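A short worksheet on the structure shown next.
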4 protein chains.
Amino acid sequence: MRFDTDYIEGCHPRILERLAETNFEQEPGYGRDAYCARAAECIRAALGRPAVAVHFVPGGTQANVTVISHALRPYEGVLSPTTGHINGHETGATEARGHKVLPLPSVEAKITAEQVAAYLSHYRAMPDPEHEIAPKMVYLSQPTEQGTLYSKAELSAFREICDRYGLYLFVDGARLGYALATDANDVSLSDLADLCDAFTIGGTKVGAMFGEAIVIENPEINRDFRYAIKQNEGMLAKGRYLGLQFEALFTDDLYFENGRHGIEMASYLRDALTAMGYPFLSQSPTNQIFPILPRHEVEALEQLHAFERWEDVDADLVAVRFVTSWATRKEDLDVLIADLKRIHG
Amino acid sequence: MRFDTDYIEGCHPRILERLAETNFEQEPGYGRDAYCARAAECIRAALGRPAVAVHFVPGGTQANVTVISHALRPYEGVLSPTTGHINGHETGATEARGHKVLPLPSVEAKITAEQVAAYLSHYRAMPDPEHEIAPKMVYLSQPTEQGTLYSKAELSAFREICDRYGLYLFVDGARLGYALATDANDVSLSDLADLCDAFTIGGTKVGAMFGEAIVIENPEINRDFRYAIKQNEGMLAKGRYLGLQFEALFTDDLYFENGRHGIEMASYLRDALTAMGYPFLSQSPTNQIFPILPRHEVEALEQLHAFERWEDVDADLVAVRFVTSWATRKEDLDVLIADLKRIHG
Amino acid sequence: MRFDTDYIEGCHPRILERLAETNFEQEPGYGRDAYCARAAECIRAALGRPAVAVHFVPGGTQANVTVISHALRPYEGVLSPTTGHINGHETGATEARGHKVLPLPSVEAKITAEQVAAYLSHYRAMPDPEHEIAPKMVYLSQPTEQGTLYSKAELSAFREICDRYGLYLFVDGARLGYALATDANDVSLSDLADLCDAFTIGGTKVGAMFGEAIVIENPEINRDFRYAIKQNEGMLAKGRYLGLQFEALFTDDLYFENGRHGIEMASYLRDALTAMGYPFLSQSPTNQIFPILPRHEVEALEQLHAFERWEDVDADLVAVRFVTSWATRKEDLDVLIADLKRIHG
Amino acid sequence: MRFDTDYIEGCHPRILERLAETNFEQEPGYGRDAYCARAAECIRAALGRPAVAVHFVPGGTQANVTVISHALRPYEGVLSPTTGHINGHETGATEARGHKVLPLPSVEAKITAEQVAAYLSHYRAMPDPEHEIAPKMVYLSQPTEQGTLYSKAELSAFREICDRYGLYLFVDGARLGYALATDANDVSLSDLADLCDAFTIGGTKVGAMFGEAIVIENPEINRDFRYAIKQNEGMLAKGRYLGLQFEALFTDDLYFENGRHGIEMASYLRDALTAMGYPFLSQSPTNQIFPILPRHEVEALEQLHAFERWEDVDADLVAVRFVTSWATRKEDLDVLIADLKRIHG
């Protein structure tokens with residue numbers, strides 16, 4: 001069985017149903033269809049913001065690069081945690097469109113508003129700032145690449161710094177559904193709309209076949225955004241599939257339900273691992289958990305299940321990653337836990 | 001009813017069936033899954049080339065840009081008919097990745113090998129060629145943006161010129177299924193593999209939800225190609241959906257059947273229009289047809305059906321585009337024809 | 001002797017004198033020096049516009065690309081005559097920075113405001129303009145690549161169309177000094193400042209060692225322009241050399257004198273060629289002239305002097321280019337004319 | 001007086017003499033002139049490598065970006081010290097051409113071959129390396145941005161690692177003349193040619209008006225390099241000025257003499273500062289020196305002379321930068337030292 005990531009299964013059955021029901025309806029292409037329009041309405045309703053712009057693209061890297069390359073002028077860059085997805089997991093797609101990622105050291109994959117303020121304060125004091133990339137955007141992930149969360153207070157602090165220095169705040173929500181479903185979280189969808197210039201709502205990892213919604217609060221970024229989608233190769237001819245999926249996810253709270261299930265499963269597994277005495281690399285309250293196991297246990301467990309080695313803690317200990325999702329079955333976790341107990345002895 | 005393009009419906013029911021059957025299977029991400037592997041095998045079998053490289057990306061612009069930007073060095077450009085999709089329909093995505101499209105005047109959306117030879121002969125004779133973009137690739141579409149076809153003799157002539165001057169030949173097959181199903185066509189899939197350095201097999205317009213296969217014959221272009229897919233934002237996390245669809249399309253000849261149906265419907269409509277005495281803008285033997293109608297008939301028909309105005313022929317006449325597909329129903333064409341007859345009087 | 005271009009000699013002696021006089025003065029780098037400041041003042045005085053922005057970069061391609069890539073957003077392109085320098089003589093530098101050049105057919109290297117209006121009118125009428133590059137700038141050269149000139153009425157017409165459609169007007173003045181010195185010209189420096197959003201004043205071909213001044217009227221384009229100069233690799237450490245040269249050229253009318261000498265020499269040669277009965281490819285009133293010679297005369301003259309074959313008119317006739325400059329000596333032209341007379345028989 | 005950098009004066013008088021002597025010679029443009037040819041020969045002779053490729057461009061950022069963007073494929077990046085010029089002082093010019101700079105933590109502006117080996121070893125062990133930029137080049141500066149030097153043993157270790165992993169080694173020699181003239185240095189010009197795939201020899205800071213020589217040992221990088229120069233906006237119309245200056249610098253050892261003078265002046269100043277008891281931020285043996293001064297002394301000295309604050313060491317202490325050059329006069333240093341002594345008390 002696979003516990004290595006949250007995109008190993010297909011999609012939520014309600015999406016399959018909708019695909020079948022609507023297959024022979026005729027719709028215009030390139031996102032001009034009724035599904036995209038309704039999906040955007042559903043998301044606006046969930047945000048409580050009737051006028052915000054909502055776009056859809058197939059992939060997460062695409063969502064990030066399209067927003068970043070459309071928002072920034074050529075000499076502007078984006079501040080990101082060193083661990084940020086755009087910095088190390090997208091094959092330099094941001095740079096391929098001409099923009100430097102300005103990495104800030106992170107702790108548990110998070111940075112602080114103070115780091116941003118210090119960077120800007122230093123930058124603004126330079127006698128010749130034009131020799132360096134002008135920081136113009138802060139990129140964060142919620143949850144982060146290590147499953148951790150920003151609190152509402154933390155995001156508000158970023159907002160304040162961004163306002164002070166004229167920066168955009170952009171939040172990558174590839175796994176946002178799992179953040180929203182966690183007790184530890186105090187940032188709602190509408191908080192994100194209040195605090196960010198733009199953010200994404202990931203579909204792929206929360207029950208869709210594929211697809212990310214881009215929510216744009218700042219009209220400067222939204223201007224001519226469809227050009228950016230097309231140029232960034234994200235305008236599907238049958239855009240209806242993006243709309244159809246997000247309409248399903250944002251009908252009857254399916255997106256939130258999917259998140260909750262993933263979180264319940266993660267908690268179940270986390271509790272079992274804690275009970276077995278394993279420490280954790282980070283205090284992730286979301287659907288990615290990072291227990292630290294003896295190397296020989298990792299090797300033994302790898303014979304039975306798929307999961308990811310995250311990093312070597314020392315010669316004997318390895319942090320691994322287990323990921324649950326909307327589709328994880330409790331009985332499969334029980335098998336994993338039983339196998340690990342047997343190996344652990 | 002809509003006759004404006006071939007991506008107004010959903011997908012072939014066999015794809016829906018396969019989605020449902022496989023939904024809870026677990027597969028690794030990013031194109032490393034068993035479906036992509038099997039789909040590539042099916043395509044290799046259809047090509048009769050067991051070793052050719054096959055990749056999958058969600059969209060057609062993406063397929064074009066990924067191949068072009070990976071194959072060319074920064075100072076190299078791509079020769080294209082002025083009407084080529086990369087020249088006027090992709091929001092400058094090729095240029096956004098740094099490469100100039102070198103347009104050649106086209107007739108019925110086609111160029112000739114002689115035009116390419118003349119361009120290269122002139123270019124090579126320059127005393128200082130480094131002041132101009134070096135032509136390194138020829139881009140063609142089969143069928144073209146106006147539904148016309150290159151013959152095997154014509155493609156062979158391009159191949160010869162490309163060999164003479166060290167150029168790549170790249171064919172965009174976004175609607176390839178409709179070319180392959182036409183009596184007027186003498187270029188088989190395996191001919192394309194023989195003659196091209198790379199070509200695409202379009203899924204979106206021939207029965208898939210989305211997805212294009214990229215077939216790469218030339219190992220120079222294929223080297224590290226997965227990096228290019230990722231950087232061009234085309235590596236779906238659930239890559240299985242690309243594989244699953246192409247496996248279905250290349251099982252039991254579904255791709256070819258889909259093409260045939262679209263062509264039969266186009267012929268049926270073309271015959272009716274011819275019988276009514278309409279001239280055509282181009283002699284398209286494929287699923288796009290371009291009759292020339294009096295302007296007032298166009299206006300009347302627009303009240304009833306969706307189709308595209310293609311270009312104004314003169315003050316009184318307008319060329320329009322009707323597109324059939326794998327999903328077009330004969331009874332719908334009968335309605336269109338009846339309506340047009342009534343308008344035509 | 002060489003008559004092939006206007007950058008075969010060094011620079012005007014007054015520049016050499018200024019180099020020697022100022023060599024051991026100490027100045028800050030990167031264009032923050034007193035020479036650049038004074039040169040900008042001189043140019044502002046010549047323009048009669050005390051507040052316009054003036055920048056300096058080493059080369060002409062650099063000046064063009066820096067303005068274009070700084071002014072345009074990623075999905076915007078620049079309309080240019082097919083013969084425009086940016087379209088065919090800069091190795092795709094504009095595309096390398098991500099922007100499509102949208103070529104318009106030219107006559108004697110000129111386009112008309114009507115062509116631009118027609119393009120924009122067509123573009124704006126598209127139902128889905130985001131599939132094509134948005135035209136945002138018109139690029140012209142004064143004089144053109146074939147030595148011809150735009151009149152004030154013509155430039156005013158471009159201005160009006162640009163205002164109507166929200167486009168920038170950018171004029172490449174690599175050889176501007178020769179335009180300004182021609183009787184046939186009715187466009188003054190201050191007219192250019194009135195009519196353009198930005199234009200360049202070429203130094204290299206009008207007596208400098210190197211260097212182009214960029215005059216920016218539109219504050220939208222000027223915002224953060226020094227970042228663009230640095231990123232486009234045009235910010236010389238010893239920027240003083242740019243300032244020193246332009247200060248010299250715009251002191252005591254040296255720039256205009258240099259232009260006048262080049263034009264006088266061109267007229268002298270043109271008159272001699274006309275008297276000998278040669279036709280001309282274009283009616284260039286500036287320092288590039290394009291007589292049409294029998295091929296055997298071209299071949300004979302090539303044994304004696306350097307000049308450029310421009311294009312084959314037919315099997316027997318070749319248009320060639322002779323270029324005069326601020327440094328051309330009448331006695332050298334007399335040798336050329338005498339040689340040609342002997343060949344012509 | 002200014003001690004803030006080594007490009008505050010003009011150029012060595014022998015260059016001025018050559019400018020005057022050659023001003024009315026006629027030469028073809030764009031680097032095809034006799035001066036560039038002779039300058040390249042002089043440099044090949046100095047390197048003891050009769051076949052190596054030598055090119056010239058106006059600026060240092062240009063030299064770096066042209067080499068990097070020409071050598072790398074779109075998904076490849078360049079490892080650099082965090083302090084590297086390309087990482088923080090070129091306004092993202094490398095990223096603007098699409099390439100990520102992969103920063104490695106540096107000590108006194110240097111990295112080690114072991115760091116590169118560790119990075120590559122980690123990278124190569126990844127199951128899915130295509131999600132990250134492929135490291136393909138190591139960028140170093142000699143001397144570094146803090147005046148320190150790599151030894152021959154250190155550079156040989158980089159060479160070995162680069163060979164092991166198929167990377168290019170590129171050395172930025174913007175101040176190379178000062179490295180070559182230092183007793184502490186054991187890396188000769190011909191060592192650089194032995195060890196690097198490409199390196200630059202800076203003219204601007206070592207006595208030229210402007211200009212950098214690019215030496216390319218690896219034919220893969222040199223292929224079609226003139227296209228890259230033109231596209232990177234570095235091909236001066238009057239390329240002769242680049243050739244003329246480098247011919248002068250590499251005739252009668254002028255380049256080395258210039259370096260020696262700068263180093264003698266730096267030693268003189270360093271000895272005086274050491275005698276006064278100041279500590280130094282880094283052990284720079286070259287022409288940039290970084291003494292640490294009490295803040296109030298810095299403020300007092302700033303009233304008298306220009307120099308750069310480098311970084312705040314703590315609340316009371318500031319590291320500053322003094323730079324000497326080929327043009328520094330001992331009597332000016334004596335004034336500086338006397339002023340500082342008076343302030344220091």
Side-chain angles (χ1 to χ4, degrees), chain C residues 1-2 4-13 16 19-20 22-30 33 57-66 69 89-93 95-98 174 204-205 208-210 226-238 240-241 244 306 327 329, chain D residues 1-2 4-13 16 19-20 22-30 33 57-66 69 89-93 95-98 174 204-205 208-210 226-238 240-241 244 306 327 329:
Chain C
M1 278 172 294
R2 307 192 70 101
D4 48 345
T5 186
D6 35 18
Y7 42 80
I8 48 175
E9 278 101 358
C11 64
H12 194 280
L16 288 182
L19 287 175
T22 64
N23 195 48
F24 286 99
E25 293 179 13
Q26 292 189 323
E27 286 290 335
Y30 298 115
D33 59 278
V57 297
T61 293
Q62 208 153 38
N64 290 337
V65 177
T66 305
S69 66
H89 304 286
E90 301 186 350
T91 320
E95 290 84 359
R97 294 303 311 268
T204 310
K205 294 167 178 168
M209 296 189 294
F210 60 90
R226 280 176 58 81
Y227 285 87
I229 294 176
K230 179 66 188 169
Q231 191 177 71
N232 278 283
E233 315 164 20
M235 195 175 276
L236 278 191
K238 296 179 181 170
R240 66 197 279 164
Y241 286 117
L244 179 146
R329 299 186 312 164
Chain D
M1 278 172 293
R2 308 192 69 100
D4 48 345
T5 186
D6 34 18
Y7 43 81
I8 47 175
E9 279 100 359
C11 65
H12 194 280
L16 287 182
L19 287 175
T22 64
N23 195 48
F24 286 98
E25 293 179 12
Q26 292 189 324
E27 286 290 334
Y30 298 115
D33 59 278
V57 295
T61 293
Q62 207 153 40
N64 290 337
V65 178
T66 305
S69 66
H89 305 286
E90 301 185 350
T91 320
E95 289 84 0
R97 293 304 309 270
T204 309
K205 294 168 179 168
M209 297 190 293
F210 62 90
R226 280 177 57 82
Y227 285 86
I229 293 176
K230 178 67 188 167
Q231 192 177 72
N232 278 282
E233 314 163 23
M235 194 174 276
L236 279 189
K238 296 179 181 171
R240 65 197 278 164
Y241 286 117
L244 178 146
R329 298 185 313 163

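Scope of the values below: all heavy atoms of this structure, side chains included, with no hydrogens, waters or symmetry mates. Every chain is numbered from 1 and lettered A, B, ... according to where its sequence line falls, protein lines coming before strand lines. Values in this document were obtained by computation on a predicted structure and should not be read as measured data.
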>> Contact between D:Leu244 and D:Arg240 at the side-chain level, heavy atoms closer than 4.5 Å - yes or no?
In response: no

Checking [X] against chain D: side chain, backbone, both or neither under 4.5 Å from a heavy atom?
X        : result
C:Glu25  : backbone
C:Asn64  : neither
C:Leu236 : side chain
C:Thr204 : both

[X] versus chain C, heavy atoms under 4.5 Å apart: side chain, backbone, both or neither?
X        : result
D:Tyr241 : side chain
D:Leu16  : side chain
D:Met235 : neither
D:Ala208 : backbone

Given the options [options], which has more heavy-atom pairs under 4.5 Å with chain C than any of the others?
options                     : answer
D:Asn232, D:Asp33, D:Thr22  : D:Asn232
D:Lys238, D:Met1, D:Arg97   : D:Lys238
D:Cys11, D:Ala327, D:Ala228 : D:Cys11

>> If I compare all heavy atoms of C:Tyr7 with all of D:Gly29, which pair ends up nearest, and what's the gap?
In response: CE1-CA, 3.9 Å

>> Ignoring hydrogens, what is the shortest heavy-atom contact between D:Pro58 and D:Gly234? Give both atom names and the distance.
In response: CD-O, 3.3 Å

>> Taking every non-hydrogen pair under 4.5 Å, which of C:Lys230, C:Glu90, C:Met209, C:Glu27 racks up the most with chain D?
In response: C:Met209

>> As an exercise: rank C:Gly60, C:Gly92, C:Ser69, C:Ala20 by heavy-atom pairs under 4.5 Å with chain D and give me the winner.
In response: C:Gly92

> Quick check: does any side chain N or O of C:Glu233 sit under 3.5 Å from a backbone N or O of D:Thr61, one acting as donor and the other as acceptor?
Replying inline: no

> Between the main-chain N or O of D:His12 and the side-chain N or O of C:Asn23, is there a donor-acceptor pair closer than 3.5 Å?
Replying inline: no

> Residues two or more places apart in sequence or in another chain: which of them pass side chain to side chain contact (heavy atoms under 4.5 Å, CB included) with C:Glu95?
Replying inline: B:Glu95, B:Lys100, C:Val101

> Got a sec, which residues hit side chain to side chain contact (heavy atoms under 4.5 Å, CB included) with D:Arg2, two or more places apart in sequence or on another chain?
Replying inline: C:Gln26, C:Pro28, D:Asp4, D:Ile8, D:Ala306

